[in-house]
> 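Next up is a structure, given as structure tokens.
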Amino acid sequence: MKLLEYQAHVLFEEYGLPSSSGDVASSVAELASISAGISTFPVVVKAQVQTGGRGKAGGVQLAANAEELKSKGETILGLTIKDLKVEKVFITPAVEIAKEMYLSIIMDRKTKCPVLIFSAEGGIDINDIADRHPEKIVKLEIMPDQGIQSYHAKYIADYSGIPELAGQIEDVLKKLYTLFSEKNCMLAEINPLVVKKDGNLACLDGKIDVDDSSLFKHEQFRVWRDEGETNPLILEAREFRFTYIPVEDAGNIAVISNGSGMLMSSIDLISAAGHSVCSVLDLGGGATAERIKEAVRIMLKNPKVKLLFINIFGGITRCDEVARGVLEATQDGHTPEQFVLRLEGTNKAEGIEIASGIDIPVAFADDLVDGVAKIDERMKA
Ligand code: ADP
Ligand code: MG
């Protein structure tokens, strides 16, 4: 999960990194009330979208007074940057910059450990620097059992010709590494990390990518994730630990399955047969009848659904649990117009027996290909 810049600043502050907090506005009215409360200008107004290059796209602007803050904020709120509509702006004090540098820690799959990347030249795309001046980038592997040591900072500062900053760099490295480890990051980047005119460092932009598998540990991230989500069915599905994915607006087939591979192959084959999927739901592993019932209910909330295809390859997920959940859902009145059910794997026979008690017509399929043939038949019926 990628965080927005203002969320990265919240973490920077939590870990004592030199970063300024600010205000977030998502409407012109909010901009007005924020600007009335600001006494020190200039400030910077920054588009909150998950992409770099906001500066170049006009998404980062200096405002000298309250009027400018409102007008520039409104302009930025109307922008679309790299296909992402700007829904929020971040307002933060303008910093007098003497030098822009780059710092990140990534989880490196090749070396299988965190790698620290530093360049005394930052602010612009690090890939540009890597292409033109690879010698200006320092990369250091961090041994997880040792963490950041003074020599890391001393090496970086000496190599980059800024030995006077070694102390401050050490402080930033240690705090960023603690954040990276404790928050289960895949990436924690500060670009630019600036030297201010007064000689102190400041983090002016943050990009943080958190390991999705760790979200269960971090309430704060789950709240941010849900705040950024506007589709109520995605949110409702999350309450039951399901992944709900809208597919095609014009589609009318909903698919429930256990695993993303199964879902993708279902979408592919249904599309190849000339039909269109509107939504899919991934049950994950080991869903109980109670949760299956909720999954069916959630999928049928979309009025466009004409046919429901449940495609289960039961391993940890048991076919009898699935069938019981589907049976209960239909008894509660959650019935699709057309229904195709494929049950394979653990407790298949029990599952089919339970499902045969369902009081609406069900087309039973032997495998995915047969399932798609039955879908084709039913959609033409
Ligand atoms: P992006 O990386 O998406 O372009 P940044 O937040 O890095 O966005 O901003 C782009 C540039 O704007 C920075 O390199 C810096 O020069 C300037 N900038 C960003 N935040 C501030 C700030 N608080 N004060 C002064 N200048 C800033
Ligand atoms: Mg940046």
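Whatever order the structure lists them in is the order used to number ligands and atoms, beginning at 1.
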> As a test of the contact definition, would atom 22 (C) of ligand 1 count as having a protein heavy-atom neighbour under 4.0 Å?
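Given the 4.0 Å limit, the answer for atom 22 (C) of ligand 1 is yes, a protein heavy atom qualifies.
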> Does the plane of the ring in F90 sit parallel, tilted or perpendicular to the ring in H9? Use 30° and 60° as the thresholds.
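Parallel.
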> May I ask you to check if ligand 1 and V95 share an N or O to N or O distance below 3.5 Å?
yes
> On a heavy-atom basis, I'd like to know which of V45, V60, V43, I81 is closest to atom 12 (O) of ligand 1.
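Ranked by closest heavy atom to atom 12 (O) of ligand 1, first place is V60.
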> Check K207 with E5, please: is the shortest side-chain N to carboxylate O separation under 4.0 Å?
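No, no charged N to carboxylate O under 4.0 Å.
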> Between Q50, R54, Q61, which one has a non-hydrogen atom sitting closest to atom 1 (P) of ligand 1?
R54
> Heavy-atom pairs closer than 4.0 Å: do any link ligand 1 to the side chain of P93, the backbone, both, or neither?
backbone
> Are any of the side-chain heavy atoms of E14 and K183 separated by less than 4.5 Å?
yes
> Charged N to carboxylate O under 4.0 angstrom, K110 versus D108?
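Salt bridge between K110 and D108, a charged N being under 4.0 Å from a carboxylate O: no.
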> May I ask you to say whether D367 pairs ionically with R342, meaning some side-chain N is under 4.0 Å from a carboxylate O?
no
> State plainly whether the residues E182 and K217 are in salt-bridge range, i.e. N to O under 4.0 Å.
no
> Of all N, O or S atoms in D205, identify the one at the shortest distance from the Mg ion (ligand 2).
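Distance check against the Mg ion (ligand 2) picks out OD2 in D205.
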> I need the contact type for L62 against ligand 1. Using non-hydrogen atoms and a strict under-4.0 Å cut-off, is it side chain, backbone, both or neither?
neither
> Which of the atoms in ligand 1, numbered in the order shown and given with their element, are less than 4.0 Å from a heavy-atom of G52?
3 (O)
> Can you find a heavy atom in the side chain of I292 that is under 4.5 Å from one in the side chain of E321?
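Side chain of I292 against side chain of E321, heavy atoms only: no contact under 4.5 Å found.
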> Heavy-atom contacts under 4.0 Å between K56 and ligand 1: side chain, backbone, both, or neither?
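Under 4.0 Å from ligand 1, K56 contributes no heavy atoms.
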> Considering both backbone and side-chain atoms of E5, is one of its nitrogen or oxygen atoms within less than 3.5 Å of a nitrogen or oxygen in ligand 1?
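Between E5 and ligand 1 (N or O atoms, distance only) the closest approach is not under 3.5 Å.
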